[in-house]
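Encoded as structure tokens, the structure appears first; notes follow it.
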Protein chains: 2
Amino acid sequence: MSVLPSGALGDLDPTSDRAVFRQIADQLREAIGRGRFREGEKLPSEAELVEHYGVSRMTVRNSFSILQGEGLVHAEHGKGVFVRPRPPVRRLASDRFARHHREQGRSAFLVEADAAGGRPAVDSLVVKEEKASPEVSARLGAVRRVLVRRRRYLLDGRPVEFAASYLPLDIARGTPIAEADPGPGGIYARLEELGHRLDHFDEEIRARMPSPDEVRTLRLAPGVPVIHLVRTAFDTDGRAVEVCDTVMAADAYVLAYQLPAT
Amino acid sequence: MSVLPSGALGDLDPTSDRAVFRQIADQLREAIGRGRFREGEKLPSEAELVEHYGVSRMTVRNSFSILQGEGLVHAEHGKGVFVRPRPPVRRLASDRFARHHREQGRSAFLVEADAAGGRPAVDSLVVKEEKASPEVSARLGAVRRVLVRRRRYLLDGRPVEFAASYLPLDIARGTPIAEADPGPGGIYARLEELGHRLDHFDEEIRARMPSPDEVRTLRLAPGVPVIHLVRTAFDTDGRAVEVCDTVMAADAYVLAYQLPAT
DNA sequence: TAGTGGTCTAGACCACATA
DNA sequence: ATGTGGTCTAGACCACTAC
């Protein structure tokens, strides 16, 4: 007699070449997909699945670890294994750096947070001068030292991205950009006041699994990749005036862009 | 006596709260980061690590599974566990749909492949009519049925992305777009010939872990996320004339965009 | 206290790769 | 034939959660 709700999960196929733990993962995945287990709902416990399938506990745990790697479920010690709810997603629109936002004294993050309806926050702000990495130096045009602004962004208390801005010293040193609070409209507004009228931004996007550091900083669940975005800001003279390196929790973002057809 | 090259890996800290298998993973990760094990190089075998650390085999395997989930290493049955080499990356430039490319009779994929220096190929092409999904219908403006073109792209024999294009039947039916080979410049060139002069494209980008289907289709290694891109093409009348849903192996791509500052 | 997942052991047999 | 990773068992003890 199974202890599980009838019909939730099937039997194993002993004639199949597919490993037992994969068959179990397949059945759980399929049950989740069918809505048999909903978001946030608890899956059967390891002990229940051991009994239901007649396998050892490690085999069941192996199945769970597959689903965890896929980002489908997450385990809570002492409570159970749950279907991972999808967090609300922030949409980054391609006009998020438009001048009319800056002129209203609003930073890009606040503009986006409003659109998402969440409560935004910034923490672990660090501003200092340091040696430029080869990547940053290449993008900024062979500068040796840069002003760095590091910060982490949170939405409703959840860390969603952290970023580092790099600016050439001859532009930023001794200006409000080097202050903890650069003032309304953020550093892009200050750059324009300093005579660097912005022309366009280049953005490069990659996706990959996070490093252990990134898992900590963003409190990432297993199976959640990061989006790595590197933006370079150019002024109307064609000079690169800032590089911003951003790592985002991929389950919290949709990036939107508009491409010309011409 | 350790069987490992001296200095490659340290000892465990029995006083640490950190689980043994995590400590082992940390040491291997750090050794890889330091270049002690290089791309493509074989790590010590499970048996060697069992001996070196004095732990059971499952503990060592647990460590490997962490690194595999991070996309750092991959196992080859009967051979060993290797540091994952980074594949060559294709850069998708923001002008990849520019008209001057189409007018040279070149499809976007070929333009990009040239830039990456790889040998491009397309397979599993399917063209048919089907019911529009709610998502596609919402983007195309409440159409019921659509023409679908599905295909997979390969570079040097490796699958790197697969895509499905959806077009309203009143636009595409009975035209070269419904043929297996739509001709030089691809379907965007045909759309323009049919009087739908293209104005711009909207692209939405997400990153996530792949489904088992996607792992199969793209032959993805463990620990490799996918980039999910949905592009909508608009003509100069403001009508959405095509939706293209693309899933890309994240380790094979960098996406580049240009944002206006105004 | 009972139930849950987290870690770890010490085996076993198998399939694949290399020589 | 040997060494490699792949799968699986049947336990053990621990830490966390809920009652």
Donor-acceptor pairs are to be reported for all side-chain atoms of residues 67-76 of chain A against protein atoms at under 3.5 Å, with residues two or more places apart or in another chain.
residue, atom, partner, partner atom, Å
A:E70, OE1, A:R29, NE, 2.9
A:E70, OE2, A:R29, NH2, 2.9
A:E76, OE1, A:K79, NZ, 3.1

[atom1]-[atom2] distance between [X] and [Y], expressed to the nearest 0.5 angstrom:
X	Y	atom1	atom2	value
B:E46	B:S56	CD	OG	10.5 Å
B:R206	A:Y253	CZ	OH	14.0 Å
A:Q27	A:D11	CD	CG	7.5 Å

Strictly below 4.0 Å, N to O, side chains only: are B:R91 and A:E204 in salt-bridge contact?
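Answer for the salt bridge query: yes.
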
Would you call B:R231 and B:D245 a salt bridge, using N to O less than 4.0 angstrom?
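No.
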
Which part of the nucleic acid, if any, lies within contact of A:R22, taking any heavy atom under 4.0 Å across all strands shown: a base, the sugar-phosphate backbone alone, or nothing?
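Contact class for A:R22: sugar-phosphate only.
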
Could you go through B:M248 and B:L255, starting from their C-alpha distance and side-chain angles, then the distance that decides it, and tell me whether this counts as side chain to side chain contact (heavy atoms under 4.5 Å, CB included)?
CA-CA 11 Å; B:M248 296 177 276; B:L255 309 186; 4.2 Å; yes

Below 3.5 Å between N/O atoms, which protein atoms pair up with nucleotides 3-5 of chain D? Just atom names and distances, please.
residue, atom, partner, partner atom, Å
D:dG3, N2, B:G78, O, 3.1
D:dT4, OP1, B:S45, OG, 3.4
D:dG5, OP2, B:E46, N, 3.0
D:dG5, N2, B:H77, NE2, 3.1
D:dG5, N3, B:H77, NE2, 3.2

Are B:V127 and B:L147 close enough that some pair of their side-chain heavy atoms sits under 4.5 Å apart?
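Yes - at least one pair of side-chain heavy atoms lies under 4.5 Å apart.
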
Terminal contacting nucleotides, 5' and 3', DNA chain C versus chain B (heavy atom, 4.0 Å)
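Using the under 4.0 Å cut-off, the span is C:dT7 to C:dT18.
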
